[in-house]
Peer 1: 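Got a structure for you, written out below as structure tokens; questions coming shortly.
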Amino acid sequence: MIVVMKSGATEEQIKEVENKLHELGFRTQVIHGTDKRVIGAIGDKRHLNLRFIELLPGVERAIPILRPFKLASREARPENTIVNIDGVTIGGPEITVIAGPCAVESREQLLETARAIKSMGCKILRGGAFKPRTSPYSFQGLEEEGLRLLAEAKEDTGLKIVTEVLDAQDVELVSSYTDIMQVGARNMQNFKLLKALGRLGKPVVLKRGLSATVEEWLMAAEYIMVEGNPNVILCERGIRTFEPYTRNTLDLSAVALVKQLSHLPVIVDPSHGTGRRDLVSPMAKAAVVAGADGLLIEAHIRPDEALSDGAQSLDMEGLARVLSELEDVARVAGRTFTGTGALNRRVPSS
Ligand code: PEP
Ligand code: MN
């Protein structure tokens, strides 16, 4: 259930409604809209008379939410959530691009990448320090040394950082270096990790599981939100299908659908979504048209030498070309993408 408070409702009135709901066995969370505040109430509403809640001072309406995801649902918050990472936003009018290597491999690799992507208008640097690899014999990441290099790249360029956390035990360590915590596809239903990130409160990029339904994905977001963290960024990264020509099948219908079902920002990862660098550009553009709020793109200074995911990684020139094409697409989609002016000067059109 959600309780919509009147525009002028006071803090005391909100507290009073929360206290009443707690007495009735509900957990509550206040959601801040631009105009009104809404109290999300999670619990068994079967015996609750909504009329009684509506009579409390300051309350405008009480609305039952029938979907299993509550705090993540559009009903709970009709306006888009904009996640703000110290001034860099995801979910507003601007398309936010996150780029960088699959894995942090060396200081030279990361700093060179960070400087290049910054000059292209990207706002956030990605790079895995803890890598979830299918084979235990594959490169597992530089771990804390990788995190240190990410922090150095941030210091050097001013870019924000996103990196994956594989385990609830590592939350504190990873959080001490990064701005955004990434939950990988393989961990989407690691409920202990989701709860820990909910308590942490830092923005989370929540990737869709390899075979997760849209509802399971939104329920995973709910796990983070119900612990008190509203800063969830959903990331569509492709799902497993019968198609072998691509690594995954990028589900762009899920992007348009989730934008209806939820107020949370949605970004798209065309790199893992296809596994092929030649498909990153068309899928990035299609994602923006489908309503994505941002993109997560793998890029490497020498993709053929990458220790992971080289086949889907663009080189710096390739990334610049993709981004230079985005400005027009963003405009058609009613969005903005800044930084491509510099790009158009850098990269001759082919
Ligand atoms: C990644 O972003 O490098 C990654 C491992 O992605 P996913 O969890 O989507 O496979
Ligand atoms: Mn990768």
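Note that the structure is predicted; figures quoted are calculated from it, not measured. For ligands, and for the atoms within them, numbers begin at 1 and follow the listed sequence.
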Peer 1: Verify the distance criterion only: is there a donor paired with an acceptor across the side chains of R77 and T81 at less than 3.5 Å?
Peer 2: yes
Peer 1: Checking Q312 against R247: is there a side-chain donor and acceptor pair closer than 3.5 Å?
Peer 2: yes
Peer 1: Please confirm whether the backbone N or O of A103 pairs with a side-chain atom of R126, one donor and one acceptor, at under 3.5 Å?
Peer 2: no
Peer 1: For K207, counting its heavy atoms only, list the atoms of ligand 1 lying under 4.0 Å from any of them.
Peer 2: 1 (C), 2 (O), 4 (C), 6 (O), 7 (P), 8 (O), 9 (O)
Peer 1: Taking T246 for its side chain and T249 for its backbone only, find out whether a donor-acceptor pair lies under 3.5 Å.
Peer 2: no
Peer 1: Given R126, E164, R133, which has its nearest heavy atom closest to atom 3 (O) of ligand 1?
Peer 2: R126
Peer 1: Which atoms of ligand 1 are found less than 4.0 Å from any heavy atom of C102?
Peer 2: 3 (O)
Peer 1: Run the numbers for me: atoms of ligand 1, each under 4.0 Å from some heavy atom of G184, listed by number.
Peer 2: 8 (O)
Peer 1: Tell me, which protein residue and heavy-atom name are nearest atom 4 (C) of ligand 1, and how many Å apart are they?
Peer 2: H272 NE2, 3.4 Å
Peer 1: Who are the side-chain contact (heavy atoms from CB on, under 4.5 Å) partners of K192, not counting sequence neighbours?
Peer 2: N190
Peer 1: For atom 8 (O) of ligand 1, find the nearest protein heavy atom and state the residue, atom name and distance (0.1 Å precision).
Peer 2: A185 N, 2.7 Å
Peer 1: Please state which option from K131, M188, E298, R237 has its nearest heavy atom closest to atom 9 (O) of ligand 1.
Peer 2: R237
Peer 1: What I want to check is whether the side chains of T28 and E18 have a donor and an acceptor closer together than 3.5 Å.
Peer 2: yes
Peer 1: With a 4.5 Å cut-off on side-chain heavy atoms, are I233 and L206 touching?
Peer 2: no
Peer 1: Consider every N or O of Q182 and every N or O of ligand 1, then say whether any pair is closer than 3.5 Å.
Peer 2: yes
Peer 1: Going by chain and residue number, what protein N/O/S atoms come nearer than 2.8 Å to the Mn ion (ligand 2)?
Peer 2: C102 SG, H272 NE2, E298 OE2, D309 OD2
Peer 1: Indicate whether any N or O donor in one side chain lies under 3.5 Å from an N or O acceptor in the other, for H300 and D309.
Peer 2: no
Peer 1: Nearest 0.5 Å please: distance from the CG atom of L319 over to the CD1 atom of I301.
Peer 2: 13.5 Å
Peer 1: Any side-chain donor-acceptor pair under 3.5 Å between R74 and N80?
Peer 2: yes
